[in-house]
Number of protein chains: 2
Amino acid sequence: MSIMETPSACVHHLTHASTCGDQPWSPQRRERDPLSFATDDFTCLDEVDLFADLSPAEMEGLEQMVPERRFGPGELVFSQSEPVSALFVLKSGRVRVFRVAEDGKTLTLAILEPGAVFGEMLLVGQRMYENYAEAIEDSVICQLTVEDVERHLIADPRIALRIAKLLGDQVARLEERLTDLALRPLAARAAKTLLTLAESAPTTALSARLGHGGTIRITHEQLAGLLGATREGTSKVLSEFAAQGYIRQARGRITVKDSQGLRSTARTTS
Amino acid sequence: MSIMETPSACVHHLTHASTCGDQPWSPQRRERDPLSFATDDFTCLDEVDLFADLSPAEMEGLEQMVPERRFGPGELVFSQSEPVSALFVLKSGRVRVFRVAEDGKTLTLAILEPGAVFGEMLLVGQRMYENYAEAIEDSVICQLTVEDVERHLIADPRIALRIAKLLGDQVARLEERLTDLALRPLAARAAKTLLTLAESAPTTALSARLGHGGTIRITHEQLAGLLGATREGTSKVLSEFAAQGYIRQARGRITVKDSQGLRSTARTTS
DNA sequence: GCAGGTCTGCAATCCAGCGCACACTCGCGC
DNA sequence: GCGCGAGTGTGCGCTGGATTGCAGACCTGC
C-alpha cells in the first residue's frame, strides 16, 4: 500500500505545495513494507513514564481501548489537514516532528525514539496548528483519543504532575536550542547536537557488541533540519569533525569517537 | 542605594566578565530611586491565574508568608551566583529573562509584565542553571520559597494542571520563536514580535485616552535581544517600517500604526 | 539650563552560511 | 550483481546580517 493512496496524508494548506507526493520537505517517501515491522516489545502504555504512577489495573483499563496504527517512512502521522486529536505514543520506529515555512523549508523540532510521547500540547489546550509529524522509519504508534485523555488523564493529579514535568523538560530544551541558534555558530551547534543524540539514542546490546557505542542513525539532511542549517553546511562541518577524528562517518550513520573534542567545539561562540 | 552595593547581584562565573557593573550585557544600570515604585495594586497572589482555583481562605494562608522585594533597573533578580530557589511573581515593573553566552552576547527569552510568574521551571525539577533575570524598571517581586511551593502547590491537582497549561503555552511560544529564528529573515521576525508585543502589552486606560493604542515601551536594543539580532540591524528594519508607515517611533517607544502591513511583512520568508 | 549618558541613525566593511550546481559513490531493491 | 536513487563531497558567487565607528538627538538629573 502506497502512501499515495492515503488521501488524508496530503497537505493542502501549503502555499507552494501543489500535488501530493511532491512535498519538498519530505523527499524520502517510499513504499511501505508491512513485513518489516518490529514485533510488540511492550504494550502501548508500559515503559512510558507518563503513566508510571498508574496501578496495573488502571493500565489495563486504558490499554483496552487504545488503537494502534502503523506508518511507513515519509507517511504523515498528523498535519494541518489531519490535525492533532489525540495523544500519541511511539511504540517502535522513529518519528520526526517538524514545522514548515511558506517556502517549503523545514525545521525539525524533535526526532522521537520508541517510548516517546507526542501530541502532548493537546493535553493543555494548545492546538499545535503548525506542527507536522512524519515517520522516518516504519513505525507503530498508539493513539489515545481526546476523550480517553480527558477522562483518564487530565483529572488525575499524578498524571497532571507528570505532564508538567514533561513540558518543563521540553521548555528547558527549547530555551537551550533557541539561544544556541541565536548565539552560536553552526559548528558549535552541530557538535552539541551530536553529543545529545549520542547519549539519548543509547547503546543497544547489539551495537555495543559491534563496538558501535555512540553511533547515531541520522543523515546529514536530517541533522541539518535539527540544526536549522542547510545540508551542505552541515556536511561541511561534519567533514571537519571527521578530519579532526571527533567522529567517524558512514551512510546515514555517525559514530562519536572523541566526545571531548566535540564538547570543546560546542563551547565556541564564533 | 546603588546596585554596586549589592554584592549578590554580581556574576562571577562569566568568562569575560571581570568587574561588577561592567557587564557587557547589562549596559543600562542606573541608580535606584526608591520613591518611584508603584503602589501595591494587588496582593501578590491575586490576579495570577496560576492560583485562580484557590479559595480566598487558601490564598490568605499563602499570602501571609510571601516576602516581597524591590529591584531597580539593571538589578539582577536571579543569576548563576544566586540560583533560583523560589517562584517569582512580578507585581509591578518589568523584568527581562535572558541567557548569556561566553562572549557576553545575550538572548532575551522574555520580557515580563506585571502579573507574570517566573522561575516556574523549579516547579518541575528543572534547574534553570543558565537563566538570568533582571529588572528593566523599578519592580516589585514576590517570591515563594521552594518549601511554600512544595507544600502548597505541587500537591494540589488544580495547581498542577495550571502549571501544565502555563508550560504548554510556553512550549508553543518557544517552538514558534525557534522556527522563526531558523527560517525567517530579520524583518519578518521583527514585524511579528512587534505585533505580539502590541497586543500582549494591552492598551491601558491612560494610553487609550492619549490615542496611544498599540504602543510598546521598548528600546531598539531590548527588541534586538528578543530577536536574536544586533541593535543596528534592528534599528534598520524599524526605520524601514517607519518609512512604510507601519509604525511610529519615539524614544523607547514604538507605536503600531498599520498592523496589517506588519502582518504581511511577518509572512515573508526571505 | 547645562552635562553626561542613553538612544538612535548611518555608512563602510567583513564574513558565515546559503544557494546552486554538479560529480561521485554507496547500498538497497530487483 | 547491476542499476538507480538516496546520501554525500565540494566549489563558488551571493547576501543578510554582524562589526565597527561615529555623530547627532533626546532625555534626566542636577
Side-chain angles (χ1 to χ4, degrees), chain A residues 24 26-33 35-36 73-74 101 103-105 107 136-138 181-190 216-225 227-243 247-254 268-270, chain B residues 2 21 24 26-33 35-36 73-74 101 103-107 136-138 181-190 217-225 227-243 247-254 268-270:
Chain A
S26 182
Q28 73 282 45
R29 296 175 170 239
R30 292 192 199 108
E31 291 296 306
R32 195 164 131 188
D33 174 11
L35 298 177
S36 69
D103 62 354
K105 279 186 296 191
L107 181 74
I136 54 182
E137 300 173 358
D138 288 315
L181 186 54
L183 304 176
R184 288 184 138 65
L186 180 54
R189 270 146 50 212
I216 310 159
R217 287 173 46 214
I218 198 173
T219 67
H220 292 187
E221 178 148 29
Q222 289 163 355
L223 185 56
L227 296 174
T230 57
R231 201 270 309 160
E232 295 88 331
T234 307
S235 286
K236 194 120 186 290
V237 304
L238 288 180
S239 301
E240 283 160 18
F241 289 170
I247 62 173
R248 187 176 309 167
Q249 300 203 62
R251 278 197 158 217
R253 225 160 332 110
I254 298 173
T268 63
T269 52
S270 62
Chain B
S2 159
S26 184
Q28 75 280 43
R29 296 174 170 242
R30 292 193 200 108
E31 291 299 303
R32 193 166 135 187
D33 174 12
L35 298 176
S36 70
D103 63 354
K105 280 186 294 191
T106 72
L107 179 76
I136 56 181
E137 300 172 359
D138 289 316
L181 187 54
L183 304 177
R184 288 183 137 67
L186 180 53
R189 267 145 52 210
R217 288 171 46 214
I218 198 172
T219 68
H220 291 186
E221 178 148 28
Q222 288 164 355
L223 184 56
L227 296 174
T230 58
R231 201 269 309 160
E232 292 86 345
T234 308
S235 286
K236 193 127 188 287
V237 303
L238 288 180
S239 302
E240 285 160 16
F241 289 170
I247 62 173
R248 187 176 306 165
Q249 300 203 62
R251 284 215 137 203
R253 230 163 325 114
I254 297 173
T268 62
T269 51
S270 62

*asked:* I'd like to check the salt bridge (Lys or Arg N to Asp or Glu O under 4.0 Å) partners of A:R231; sequence neighbours left out, ordered by chain and number.
replied: none
*Taking C-beta and beyond as the side chain, do A:L223 and A:L238 meet within less than 4.5 Å on heavy atoms?*
yes
*Between B:K105 and A:T269, is any pair of side-chain heavy atoms under 4.5 Å apart?*
no
*In degrees rounded to 10°, what angle is found between the helical axes fit to the five outermost pairs at each end of the helix from C:dG1-D:dC30 to C:dC30-D:dG1?*
60°
*State the CG-CZ distance between B:D103 and A:R184, to the nearest 0.5 angstrom.*
8.5 Å
_Between CD on residue A:Q249 and CD1 on residue A:I216, distance to nearest 0.5 Å_ = 10.5 Å
*Not counting sequence neighbours, which residues clear side chain to side chain contact (heavy atoms under 4.5 Å, CB included) with B:A182? List them please.*
A:L107, A:L181
*Identify, with sequence neighbours excluded, every residue that meets side chain to side chain contact (heavy atoms under 4.5 Å, CB included) alongside B:T268.*
B:P185, B:A188
Nucleotide [N], atom [atom2] - distance to [atom1] of [X] in whole Å:
X	N	atom1	atom2	result
B:E221	C:dG5	CD	P	16 Å
B:I254	C:dC7	CD1	C1'	12 Å
B:L183	C:dG19	CG	C1'	15 Å
B:L238	C:dC7	CG	C1'	13 Å
A:E240	C:dA16	CD	C1'	12 Å
A:E137	C:dC28	CD	C1'	15 Å
B:Q222	C:dT6	CD	C1'	12 Å
A:L223	C:dG17	CG	P	14 Å

*asked:* Does the protein touch nucleotides 12-26 of chain D at the base, only the backbone, or not at all? Give it as B, S and - per nucleotide, heavy atoms under 4.0 Å.
replied: -----SSBB----BB
*A:T230: side-chain hydrogen bond (donor to acceptor under 3.5 Å, both in side chains) partners, not counting sequence neighbours*: none
*asked:* Quiz question: by atom type and distance under 3.5 Å, do the side chains of A:S235 and A:H220 form a donor-acceptor pair?
replied: yes
*Is any side-chain N or O of A:H220 closer than 4.0 Å to OP1 or OP2 of D:dG9?*
yes
